[in-house]
Amino acid sequence: DVPFVVSLKIEGAITALNDELLLDATGGGPYRLLAREGDVSPAGGNYSGGISQTFGSRPVVQGGAVAFLAYVDGSNGCLFSETNTMAPLRTVACNNTPCPGLGGAVFGQIDTYPFSLNSAGNLAFRATLSGPGVTFGVNDESIWREGGGTLILIARKGEAAHGGGVYNILPAPVINSAGWAAYTSFLQSGVAGTDFTNDTAIYLGQSQGTGLKIVREGDPVPNMPGV
């Protein structure tokens, strides 16, 4: 599969409101339409945003799975995915929609960050948070995993990190074929013995409760005594 965005020539029934297409080329066969500016999206509302803005990031493909970011009704960024060419397109998450299990908090922004997809259609992505219970700079960053329509929180800024310390900055994750997300965190300095010598770590997780530290700055190097 090779998904790509094209713009149609504006003439006749083609206007600046419906000229952008997201197509998928599969195995030398005919192009398959994934989405078109102006059409109704699975999230409700219409794909929209203007020239080169409706589909806000390069589509990602793994095996037969495809995922992409798009703007809906002009400004609301949404992440969409399909498990394979026979599965219906589904909404993974949208800006300003509720985050499962976070007591009214909503996704603040997902549309400008890279995301990761595996061949089973599972995604991992980073999102900022806003709304009730969210304080800017304290607990407003998060890492999520999605599969089959279920969203699972993996890590959140301000919460305890696996193996010690507290999550601070959370860059975008990647996901493997088994559905485990790998992610990095810069840990909060001055908390739980964390300083500039040990404030960066790599983790692997499927949820907040099922995760582990892979390596942390300052850890001994295996099979190299004293290093």
Side-chain angles (χ1 to χ4, degrees), residues 3-8 10 14-24 32-61 65-83 87-117 121-137 139-157 170-173 175 181:
F4 59 97
V5 177
V6 298
S7 293
L8 303 176
I10 295 177
I14 308 301
T15 72
L17 300 178
N18 64 3
D19 66 324
E20 195 172 342
L21 309 179
L22 180 58
L23 301 175
D24 183 30
R32 184 169 64 94
L33 179 64
L34 291 170
R36 180 176 180 177
E37 182 181 19
D39 285 354
V40 177
S41 80
N46 299 82
Y47 296 116
S48 60
I51 297 173
S52 300
Q53 295 181 355
T54 297
F55 304 107
S57 176
R58 187 179 70 177
V60 173
V61 60
V66 178
F68 62 93
L69 288 161
Y71 292 99
V72 176
D73 288 339
S75 61
N76 196 32
C78 293
L79 180 57
F80 300 98
S81 179
E82 63 175 18
T83 304
L89 193 66
R90 68 180 185 275
T91 304
V92 174
C94 291
N95 294 346
N96 304 314
T97 58
C99 304
L102 294 189
V106 300
F107 290 111
Q109 189 171 40
I110 61 171
D111 59 338
T112 60
Y113 301 115
F115 54 91
S116 180
L117 174 72
N122 304 128
L123 291 102
F125 64 96
R126 176 188 186 271
T128 59
L129 307 174
S130 62
V134 178
T135 301
F136 177 77
N139 61 356
D140 61 334
E141 297 183 25
S142 59
I143 301 292
W144 295 80
R145 181 175 69 88
E146 191 269 357
T150 300
L151 277 171
I152 300 172
L153 179 65
I154 293 177
R156 182 178 181 181
K157 181 174 183 173
L170 290 165
I175 194 167

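Note that the numbering runs from 1 along the sequence shown for the chain.
Looking at S48, its side chain does come within 3.5 Å of a backbone N or O of D73 through a donor-acceptor pair. At distances below 3.5 Å, not a single donor-acceptor pair connects side-chain atoms of R126 with backbone N or O atoms of I110. With hydrogens and angles ignored, the 3.5 Å screen pairs no side-chain donor or acceptor of S116 with any backbone N or O of P173. Side chain of S41 to backbone of A43: a donor-acceptor contact under 3.5 angstrom is found. No side-chain donor-acceptor contact under 3.5 Å links R145 to the backbone of I154.
Using a 4.5 Å heavy-atom threshold, the side chains of F115 and V60 count as touching. When side chains are defined from C-beta on, F80 counts as touching V72, because their heavy atoms get closer than 4.5 Å. L22 places none of its side-chain heavy atoms less than 4.5 Å from the side chain of R36. For the pair F107 and N96, the minimum side-chain heavy-atom distance is 4.5 Å or more. E37 places none of its side-chain heavy atoms less than 4.5 Å from the side chain of L21. You'll find the side chain of V6 reaches within 4.5 Å of the side chain of L23, heavy atoms only. Looking at L117 and N122, their side chains never come closer than 4.5 Å, going by heavy atoms from C-beta outward.
Under the salt bridge (charged side-chain N to carboxylate O under 4.0 Å, His left out) criterion, R90 pairs with E146, sequence neighbours left out. For S142, the side-chain hydrogen bond (donor to acceptor under 3.5 Å, both in side chains) partners are W144, not counting sequence neighbours.
Of all heavy-atom pairs spanning V92 and L151, the tightest one is O-CD1, 3.4 Å. Of all non-hydrogen atoms in L123 and A67, the two that sit nearest each other are CD2-CB, 3.6 Å. The two residues C94 and T91 come nearest to each other via the heavy atoms SG-CG2, 3.8 Å. Here the closest non-hydrogen pair linking L34 and E82 is CD2-OE2, 3.7 Å.
Among the candidates L89, L79, D24, the single residue satisfying the side-chain contact (heavy atoms from CB on, under 4.5 Å) test with F68 is L89.
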Verdict with reasoning, V106 to T97, per side-chain contact (heavy atoms from CB on, under 4.5 Å): CA-CA 5 Å; V106 300; T97 58; 5.9 Å; no
Pair up each side-chain donor or acceptor in residues 128-136 with any protein partner under 3.5 Å, not counting sequence neighbours, and list the distances.
unit_1	atom_1	unit_2	atom_2	d
T128	OG1	Q109	N	2.9

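Here the straight-line distance linking atom CG of D19 with atom OG of S7 works out to 5.0 Å at 0.5 Å rounding. Residue L33 holds its CG atom at 7.0 Å from CG of D39, rounded to the nearest 0.5 Å. Rounding to the nearest 0.5 Å places CG of L8 at 7.5 Å from CG of N18.
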